[in-house]
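Report on one structure; see the data block that follows.
Since the model is a prediction, treat every value here as computed from it, not as a measurement. Throughout, a chain's letter reflects where its sequence line sits, starting with A, and its residues are numbered from 1.
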2 protein chains.
Amino acid sequence: MNTLSYGLLSMLSYAPFSGYDLMQKIQPFWPAKHSQIYPLLAQLERDGYIQHELVVQPDKPDKKVHSLTDLGREALSQWLSQPACPPVTRDELSLKIFCMNEGDPVDIQRLLEQRVEYCREKLVWFHAKSELFAHKRMDSSPGIVLLMRRALFSFQSELDWAEWALKELRGEG
Amino acid sequence: MNTLSYGLLSMLSYAPFSGYDLMQKIQPFWPAKHSQIYPLLAQLERDGYIQHELVVQPDKPDKKVHSLTDLGREALSQWLSQPACPPVTRDELSLKIFCMNEGDPVDIQRLLEQRVEYCREKLVWFHAKSELFAHKRMDSSPGIVLLMRRALFSFQSELDWAEWALKELRGEG
DNA sequence: GATGTCTATGTAAAAATTGATATATAGAAA
DNA sequence: TTTCTATATATCAATTTTTACATAGACATC
């Protein structure tokens, strides 16, 4: 079973969700398209880790709501006892910064400004999510609190860097 | 042409390198195996973006040293004028933290301790690289200076988070 | 009434990435 | 002498991921 499959089980650990919802929930941690998720959900069900019930909605299309089986919950538990693979990040911006000498300084500044904007949007989103969550439970889902804080740390540090870099470039050019 | 191909051109913008060296150089920005790199280098040469010369080494196996052509340098320049794709990060640790309720708290603490260690190693490496680089050029390769600083920012913030998270968990448990 | 968006599920094909196998030189260690 | 590691290049198979194709209900807008 691959990491994305375990990720789907992880998303289902708090509550049942449809494939569509799972796809959106897992994006911040392990980006994946629905074309990858639906087949994996079918396989997870074949293997007995999840089950589903059809939910009819009056205002929206019907959906399959997936939930963990006991076997699925056991699989999560044993997965947690194993070390995690190192994180993988691929960022085209890094590759462009590396060879910035080859291009127009204005282009590089625009790239950094776009990254600043990107980080600001993410920070707004996570701050809003963070406040929403503070009103709900706290001790029942410590993991989500930790991850929220981490996202804020991470995007803030990226934002700080991008703004510092812009200042450096403007100071020189 | 895909992002990794541009990344290889980017790595060649300062100096010529062998496929083996390119593979190591590009890891921090765009992880890739040699099995992916060698075919791309052959294609980049077919398309006229790079050329190579065979270098005989007395103490090591012969190598192909690749360098940018004018066309390759032009391609880099036009690539820099286009916006960068958003960064993609996949981290199994996030997925495990998310469902930490399902496992033994000791397991989660171990995962965080391993991440702390991972960040410390990276920080040591980048600090060493940073000092080495300060002695060489500064104004000739501003991109590398920016990227170095960013790596330090990024791993420091991840380290801070992981240590904070461990303190939280130990404080509660 | 047509058009677009969001919700919802699925498959097929293409591209990107990883893992395995293969070969070869040189040096160090056992 | 054998074994291991680092350097160096290359291909093939498997897996993962993305892109495109396909269908459909409910709602809003034009």
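Residues forming a salt bridge (Lys or Arg N to Asp or Glu O under 4.0 Å) with A:R110 (at least two apart in sequence, or on another chain): A:D107. Scored by the ring pair (Phe, Tyr, Trp, His ring centres under 6.0 Å) test, A:Y49 finds no partners at all (sequence neighbours excluded). With sequence neighbours left out, the side chain to side chain donor-acceptor pair (under 3.5 Å) criterion links A:T89 to B:T89.
Interface limits on DNA chain C: the 5'-most and 3'-most nucleotides within less than 4.0 Å of chain A heavy atoms are C:dT7 to C:dT18.
Using a 4.5 Å cut-off between side-chain heavy atoms of Ile, Leu, Val, Met, Phe, Trp and Tyr, A:V55 falls into a hydrophobic cluster with A:V65.
For residues 53-76 of chain A, every residue pair satisfying the salt bridge (charged side-chain N to carboxylate O under 4.0 Å, His left out) rule, not counting sequence neighbours, is listed here: A:R73-B:E102. Applying the ring-ring contact (aromatic ring centres under 6.0 Å, His included) definition to pairs two or more places apart or across chains, those involving residues 77-112 of chain A are A:Y6-A:W79, A:F98-B:Y14, A:F98-B:F29. Among pairs with a residue in residues 113-125 of chain A, those fulfilling salt bridge (charged side-chain N to carboxylate O under 4.0 Å, His left out) read A:D91-A:R115, A:E113-A:R170, A:R115-A:E158, A:R120-A:E163, at least two apart in sequence or across chains.
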Please table the atom pairs, donor to acceptor, closer than 3.5 Å between any side-chain atom in residues 123-134 of chain B and protein atoms at least two apart or in another chain.
none

I'd like a table of donor-acceptor pairs (distance under 3.5 Å, sequence neighbours excluded) in which one partner is a side-chain atom from residues 34-48 of chain A, with atom names and distances.
unit_1, atom_1, unit_2, atom_2, d
A:E45, OE1, A:H52, ND1, 2.7
A:E45, OE2, A:H52, ND1, 3.1

Margin query: Does the protein touch nucleotides 6-19 of chain D at the base, only the backbone, or not at all? Give it as B, S and - per nucleotide, heavy atoms under 4.0 Å.
Written below: -BBBBBB---SBBB

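Bending across the helix from C:dG1-D:dC30 to C:dA30-D:dT1, expressed as the angle between its end axes from five pairs apiece, amounts to 20° (10° rounding).
Side-chain polar atoms of A:T3 and B:R90 form no donor-acceptor pair below 3.5 angstrom.
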